[in-house]
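Written out below as structure tokens is the structure these notes cover.
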Amino acid sequence: MNTSVGTLLEALPYIREFHGKTVVIKIGGAAMTDAGLTHDFAQDIVLLRYVGLQPIVVHGGGPMITRLMERLGMDVKFVGGLRVSDQATVEVAKMVLVGKQNKDIVLSLNRHGQSAVGICGDDGQLFRVRKMPTPDDVDLGYVGEIERVNVDLLRNISENYIPVIASVGADMSGQSYNINADEAAGAVAEAIGAYKLVFLTDVPGWLANPDDESSRISLASAAHVRQRLEDLSGGMRPKLAACLHAVESGVPAAHIIDGREPHSVLLELFTDEGIGTKVMP
Ligand SMILES: Nc1ncnc2c1ncn2[C@@H]1O[C@H](COP(=O)(O)OP(=O)(O)OP(=O)(O)O)[C@@H](O)[C@H]1O
Ligand SMILES: [Mg+2]
């Protein structure tokens, strides 16, 4: 058989399965810093929309925040994969995420033929946030956790546009917080009852040994993740915590895939070849 036809036929059952379903896709790391990959990502998301899925994009921008902070001579510090955020850090995060990264993604989706609307936690009161509780000896500053997601707003936007979410938001007093984008993606997926939650990152998936890219864990149960969560470090910790929380709150599956691979979203969703790490309840 012609290989192109073969590929289309392979995609068909998946297209049928996903039709009308909401998929939350979080983009971060490498896929956001490489222009070619950003272009491929936009193509993938637009295609999802054309074949009848409802994609919701949530984005990070950690490396860009760090870069601007360094240029401004600010201290950059992480604890347990989360950025320690004083008032000035939150201000920089907001500028980079809302002012630059969010609009770049929106523009890219628009140019590929599907209009997108960029929002952050403040727009339409998408997120209500509170300070993330931490042990007494750790102060992360203004790192927030999401108390409530305005699902109505997302449904309304999704009817005609692709929502693109920057993970900052404010508490009831108007104080802004930096929110880990993985956690934001998880909260959105849970609240809207997504069919899938997909994380694009800069490694092949969850690695049993972070220094060995061939040690990818392809399938993990919630119990397995829960057991290992305490030992995890760096950016994989909030990501797996978000996967765990999502699958335990009714999202059927969460995937961590390599955003450095061109068209990784399409490969993951529409081919038999599973890439990355799949977390299931
Ligand atoms: N066990 C592990 N398996 C895989 N990656 C790990 C592991 N432990 C730590 N990491 C680190 O987690 C990083 C991915 O998280 P990181 O927060 O840096 O990126 P991101 O979440 O994709 O992007 P952003 O933070 O900009 O949204 C990897 O580059 C890797 O260095
Ligand atoms: Mg991260």
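Order of appearance sets the numbers: ligands from 1, and atoms from 1 within every ligand. Just so it is clear, the structure is predicted and the values come from calculations on it, not from any experiment.
Taking the six-membered ring where the residue is Trp, His112 and His39 present perpendicular rings, their angle passing 60° and hence far from 30°.
Counting atoms of ligand 1 from 1 in the listed order, those under 4.0 Å from a heavy atom of Thr201 are 14 (C), 19 (O), 20 (P), 22 (O). The atoms of ligand 1 that sit less than 4.0 Å from any heavy atom of Gly205 are 3 (N), 4 (C). With ligand atoms numbered from 1 in the order given, ligand 1 contributes 27 (O) to contacts under 4.0 Å with heavy atoms of Gly60. If you number the atoms of ligand 1 from 1 as listed, the ones under 4.0 Å from a heavy atom of Ser233 come out as 8 (N), 9 (C). Which parts of ligand 1 touch Pro63 is read off a 4.0 Å heavy-atom cut-off, strictly below it: atoms 26 (O). Counting the atoms of ligand 1 from 1 in the order shown, those under 4.0 Å from a heavy atom of Lys26 are 20 (P), 21 (O), 22 (O), 23 (O), 24 (P), 27 (O). Short contacts between ligand 1 and Gly235, defined as distances under 4.0 Å to a heavy atom of the residue, involve ligand atoms 12 (O), 15 (O), 16 (P), 17 (O).
Remark: side-chain polar atoms of Arg260 are not paired, donor with acceptor, to backbone N or O of Leu37 under 3.5 angstrom. Remark: side-chain polar atoms of Asn156 are not paired, donor with acceptor, to backbone N or O of Leu153 under 3.5 angstrom. The closest donor-acceptor contact from the side chain of Asn110 to the backbone of Ala116 lies under 3.5 Å.
The proximity of Lys239 to ligand 1, defined as any non-hydrogen pair under 4.0 Å, is limited to the side chain. At a heavy-atom cutoff of 4.0 Å, ligand 1 is contacted by no atom of Met32, backbone or side chain. Counting heavy atoms closer than 4.0 Å to ligand 1, residue Val203 contributes side-chain atoms (C-beta onward) but none from N, CA, C or O.
At a threshold of 4.5 Å between non-hydrogen side-chain atoms, the residues Val168 and Ile179 do not count as touching.
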Inset, instruction - Report the C-alpha distance between Asp171 and Arg128 in whole Å, list the side-chain angles of each, state the deciding distance to 0.1 Å, and finish with yes or no for salt bridge (Lys or Arg N to Asp or Glu O under 4.0 Å). - result: CA-CA 6 Å; Asp171 66 14; Arg128 193 172 71 212; over 6 Å; no
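On a distance-only criterion, Gly28 and ligand 1 share no N/O pair closer than 3.5 Å. Polar contact check, Gly62 against ligand 1: a nitrogen or oxygen pair lies under 3.5 Å apart.
Taking all heavy atoms of Asp212, Asp202, Ile256 into account, the minimum distance to atom 13 (C) of ligand 1 is reached by Asp202.
Using a cutoff of 4.0 Å between basic side-chain nitrogens and carboxylate oxygens, Asp44 and Arg49 are not scored as salt-bridged.
Across all their heavy atoms, Ile256 and Lys239 have their closest contact at CG2-CD, 4.0 Å. Here the closest non-hydrogen pair linking Leu97 and Gly60 is CD2-O, 3.5 Å.
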